[in-house]
Amino acid sequence: MVNNSFTAVIEKNSTFTGPFDTEPYEAAWAHEARWFIRAMDLQGTLSLTPQVSPDGLFWCNEGRDPLVIRQPGVYSFALREFGGWLRLHGDVTGEQAKAKVLIYLVLKE
Amino acid sequence: MNRRFFTLGLGGLASASQVPKAAMEQPAGQQVMLDPSALLLANPELSRFRPLRRVLFYDDFDDGINGWVELQANHNGNLDDLRPGFNDMRPPQLSSCTFFDVGTHGSLNGTYSLKLATRPKPFHSAVAIKRFTYSQPCRVQLEMWFTYKPEQTFDGDTHWDGNASPAELNFGDITLSTDICGGVGGPRYMLVLRYANTDLEGKMVQKWMYNTSLEPTTKMYRQGRAVPQIVDHHVRNVNDWADVPGGHQPLCFNEMPTKVNWHYLRWVFDLRTRKHEELQVNELAMDLRNIPVLTYDQPYYAVNHLLNLVIDVRTHKAVRNFLFIDSVLVSQDV
């Protein structure tokens, strides 16, 4: 058999104006994960920090530097050895800060 | 992931009641015939099901997502146009049922189950759909093993008696439905059944219900024939539900949000009569033949012989609600 993969659309044309956390997502079955962020409209700066959790309730930063986005476009980063749960902690800062995004989580065995 | 391989005998999967008695009797000296029901009952993958004659598909979520995808409204390329209530039905997950207190619970058979998870927002629904078409009108049976939980909260109710947990009041409802087109251009109809754990006032009701109005379609919205409401996407008005006769059924919540007990469900409907037939959940079998089924009053194109199965979970509170499905088996009688 071929290996499993799955793409979850975590946020769909969502607009954020300050701090936010994406919904918890279970990924224990996957060996690798890659976040994709499509910044559609952006005023200010969008920063995204990957977080991990043992239970989907209590979270800590995964350890890598935040992804900082200042221009619309598609951005991505990969994670490995992340345990069972993933989410992003985000923040939008600056004058009249606003970010409209699509966020994808791509998982592969 | 666990991938299991199994072999079905040539006798197929017909239940004992469907096998001619003569085929089971073995006169001395003649060739021994296999009892098809014995093949089913001896197969640890399938013995927990009671399929009709032909298995259409068997989804073990240890093997992956099996075609269950987030339901979404129709659009023409612009996701801003998704109608309210149908724009955020959440991607399904492959869950190991892992909790903060006991770790990984696993599924009924293996590690992973299909998980639908709402946002922690009152009346938010998480909805998964499996899409196919039917090759001939017949009886169709959906079977699944499932469990349901609200997310663990930490508000420490001092009135807890050590047995019945107030957390059970944090779970809203589960809905099973179909979207079916009976030919080319219609008629299009939906069969909808709901297990209401709590009502809209938060009281425990624990009963099965059916819809008394149809879910407005994107076409109806664009025709100006429907007013958006985001509390309950299945019906036109949120109270458009009636009780299934004999449908009161306390399920096994088992005291806490982190103890998982799996339930059996079997739902039969008939594509020839366009009617429900029966719903069985654990020990309770409900005769659904007199439940009215509603049909849209206009044609729908590009959905010819559509057969969609839809499963969803809805929270009534600002607490995530989860529906876990260990496995699904769909069969038909021809």
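Please read these numbers as outputs of a predicted model, since none were measured by experiment. Hydrogens, waters and symmetry mates are skipped; everything else that's a heavy atom, side chains included, is used.
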Checklist entry - So what's closer than 4.5 Å to chain A heavy atoms on D88(B): side chain, backbone, both or neither? => result neither
Item to check | Enclosure of R34(A) CZ (heavy-atom neighbours >12, cutoff 6.0 Å) | outcome: yes
Checklist entry - Does F322(B) have K115(B) sitting over its ring (NZ/CZ under 6.0 Å from centre, angle to axis within 45°)? => result yes
Checklist entry - Using non-hydrogen atoms only, which part of F100(B) is less than 4.5 Å away from chain A: side chain, backbone, both, or neither? => result both
Checklist entry - Where does Q152(B) contact chain A at under 4.5 Å (heavy atoms): side chain, backbone, both or neither? => result both
Checklist entry - Taking the six-membered ring of F77(A), is NZ or CZ of R64(A) closer than 6.0 Å to its centre and within 45° of its axis? => result yes
Checklist entry - Are T98(B) and T104(B) close enough that a side-chain donor and a side-chain acceptor fall under 3.5 Å? => result yes
Next on the checklist: Given heavy-atom pairs under 4.5 angstrom as the criterion, report whether the side chain, backbone, both or neither of T118(B) touches chain A.
Outcome noted: backbone
Checklist entry - Should the pair F86(B) and H233(B) be assigned to parallel (<30°), tilted (30 to 60°) or perpendicular (>60°) ring geometry? => result perpendicular
Checklist outcome for this item: Bottom line for N87(B): the part with an atom under 4.5 Å from chain A's heavy atoms is backbone
Checklist outcome for this item: Taken to the nearest 0.5 Å, the spacing of N74(B) CG from Y221(B) OH works out to 12.5 Å
Checklist outcome for this item: So, the part of L105(A) with a heavy atom under 4.5 Å from chain B: the answer is neither
Checklist entry - F6(A) versus chain B, heavy atoms under 4.5 Å apart: side chain, backbone, both or neither? => result side chain
